[in-house]
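Down below is the structure, laid out as structure tokens.
Basis for what follows: all heavy atoms, side chains included, without hydrogens, waters or symmetry-related copies. Chain naming here is simple, since letters A, B, ... match the order of the sequence lines and numbering starts at 1 in each.
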There are 2 protein chains.
Amino acid sequence: MRVAELSERLAITPDTVRFYTRIGFLRPRKNPDNGYKEYGAEDLQRLKFILSARGLGFSVDDVGQILREADQGKSPCHATRTLMATRLRESEQRFREMLALRNKMQAALTSWETVPDCPPSGHTICHLIEAFSEQEWSAEPGLDSSTEMDAMKDETEAMNKVTSKR
Amino acid sequence: MRVAELSERLAITPDTVRFYTRIGFLRPRKNPDNGYKEYGAEDLQRLKFILSARGLGFSVDDVGQILREADQGKSPCHATRTLMATRLRESEQRFREMLALRNKMQAALTSWETVPDCPPSGHTICHLIEAFSEQEWSAEPGLDSSTEMDAMKDETEAMNKVTSKR
DNA sequence: GTTGACCTGTGTCTAGGACACAGGTGTAGG
DNA sequence: CCTACACCTGTGTCCTAGACACAGGTCAAC
């Protein structure tokens, strides 16, 4: 099996196969006739595993750690659990940040609907951006009316529906 | 003003200032005595603007586009609106993907609680990962019981609260 | 033998800075 | 005047997870 066949079987690009080969996750033998890399059944299994792990949110480094332990005959399960817990925490952190950013972006776009365009002057570059950011600074957090939170909630529900549909 | 003072004033690292200088967003004059870069009031304003825009979700490239238009005396407002709309769409797309991934990660971690560790065998590398992924393949989407959606909803509400608090 | 389609490995590129590092600056002390 | 040393500077490289470009090799058809 060469890169093309292996990548087709798993519906990924040849570049992904080359990448995992380059970093040592796959160990094809080198065909001495033409220098091409020949992948075997074990590589197929490993690649399937790599894709599963990546799909679960593990980083490439995580996968490498798990693979190394497994290659040494040790059970990688403990590492798997620990790493997943860490990745989940990170994911929730980023999730929160994204939620906040998204709300800010929506607020900006909405507030800009009632503001006209204006050319850059000596003390502003883009009035839209500068005005919104200043307003943000002055708006004290803590006044968070439930209105905004309800809006976030509703939107997130709507997103969940969209997500489920796809 | 040199990098250190400028970065302290805006509570960022000197590396960030150097980065924006390197890509041409800031134009300090070069002190001929020691070769150090000297930043002026305009650089301070530009950097404030850059940070505001970045905080609103614009990419560095976006900021460059806006800055270029403003430098030419044109109003960047149209570009600002258009780019923001695009970034918001992308953000919502990533948001959905993150939500789905997070749910998957939580489901995996939960399901692993009832499964023991096991060493790698000839046909498995890490049983936890492989079993969960196979199970995923077999679980038809469409059966999405409202239970899962309610769970997502509740968690997201909880997150909104946490986000608001910070 | 040759054309041409496809395939291969290697090197480089992405975003947004973070980090390493060799060398310069400036000041306190001798 | 000289040195020691802390701090500062610019430049080059590194990070993710692959994507892309490209020169050259392979292989079947003619």
Side-chain angles (χ1 to χ4, degrees), chain A residues 1-39 43 46-47 49-67 83 86-87 90-91 94 97-98 101, chain B residues 1-39 43 46-47 49-67 83 86-87 90-91 94 97-98 101:
Chain A
M1 231 181 340
R2 295 178 302 197
V3 287
E5 186 183 345
L6 184 54
S7 63
E8 269 171 45
R9 279 216 211 181
L10 297 180
I12 57 180
T13 72
D15 279 324
T16 301
V17 175
R18 290 198 187 100
F19 173 65
Y20 288 127
T21 306
R22 186 139 39 170
I23 64 177
F25 286 10
L26 305 178
R27 280 89 54 106
R29 70 179 192 84
K30 201 161 190 172
N31 185 331
D33 292 345
N34 50 21
Y36 289 3
K37 297 173 168 98
E38 291 283 349
Y39 296 88
D43 291 313
R46 284 172 80 90
L47 186 47
F49 173 78
I50 293 165
L51 296 175
S52 296
R54 295 279 303 125
L56 269 172
F58 289 102
S59 72
V60 170
D61 241 29
D62 295 342
V63 178
Q65 206 170 318
I66 294 169
L67 281 177
L83 288 170
T86 303
R87 297 297 161 250
E90 292 171 356
S91 177
R94 267 176 300 140
E97 290 165 4
M98 281 206 58
L101 177 59
Chain B
M1 232 181 336
R2 294 178 303 197
V3 286
E5 187 183 344
L6 184 53
S7 63
E8 270 172 46
R9 278 216 211 181
L10 297 180
I12 57 179
T13 73
D15 279 325
T16 301
V17 176
R18 290 198 188 99
F19 172 66
Y20 289 126
T21 305
R22 187 142 33 171
I23 64 177
F25 285 11
L26 304 177
R27 281 89 53 105
R29 71 179 192 84
K30 200 160 191 172
N31 184 332
D33 291 345
N34 50 20
Y36 289 3
K37 297 173 169 98
E38 291 283 348
Y39 297 87
D43 291 312
R46 283 173 81 90
L47 186 48
F49 173 78
I50 294 166
L51 296 175
S52 295
R54 295 281 301 126
L56 269 173
F58 288 101
S59 72
V60 170
D61 244 28
D62 294 344
V63 178
Q65 206 171 319
I66 293 169
L67 280 177
L83 287 169
T86 303
R87 296 299 160 247
E90 291 170 356
S91 175
R94 268 176 299 141
E97 289 165 4
M98 281 207 58
L101 177 59

Review point. How far apart are the closest heavy atoms of A:S91 and B:M98, and which atoms are they?
Key: O-CE, 3.4 Å
Point to revise | Closest non-hydrogen atom pair between A:A53 and A:V63, with its separation | key: CB-CG2, 3.7 Å
Point to revise | Nucleotide D:dT9, atom C1' - distance to CZ of B:R29 in whole Å | key: 16 Å
Check your understanding: Any donor-acceptor pair under 3.5 Å linking the side chain of A:R18 with the backbone of A:V3?
Key -> no
Practice item. Would you mind building the protein contact string for nucleotides 10-22 of chain C? One character per nucleotide, 5' to 3', B for base within reach (heavy atoms under 4.0 Å), S for sugar-phosphate only, - for untouched. Key: BB----BBBB---
Hey, what are the protein-to-nucleotides 24-26 of chain D N/O distances that come in under 3.5 Å?
unit_1 : atom_1 : unit_2 : atom_2 : d
D:dT26 : O4'    : A:Y36  : OH     : 3.3

Exercise for review: Mind listing the closest non-hydrogen atom pair of A:R2 and A:E38 along with its distance?
Suggested key: CG-OE2, 3.8 Å
Point to revise | Salt bridge present between A:R87 and A:E90 (N-O < 4.0 angstrom) | key: yes
Exercise for review: Rounded to the nearest angstrom, tell me the gap between atom CD1 in A:I12 and atom P in D:dG18.
Suggested key: 9 Å
**Study point:** Closest non-hydrogen atom pair between A:A4 and A:S7, with its separation
**Key:** O-OG, 2.8 Å
Review point. Of the non-hydrogen atoms in B:V60 and B:F25, which two are nearest, and what is the gap between them?
Key: O-CZ, 3.4 Å
Check your understanding: Where do B:L26 and B:L47 come nearest, in terms of heavy atoms and distance?
Key -> CD2-N, 4.0 Å
Check your understanding: What's the CD-P distance between A:E38 and C:dC7, to the nearest Å?
Key -> 14 Å
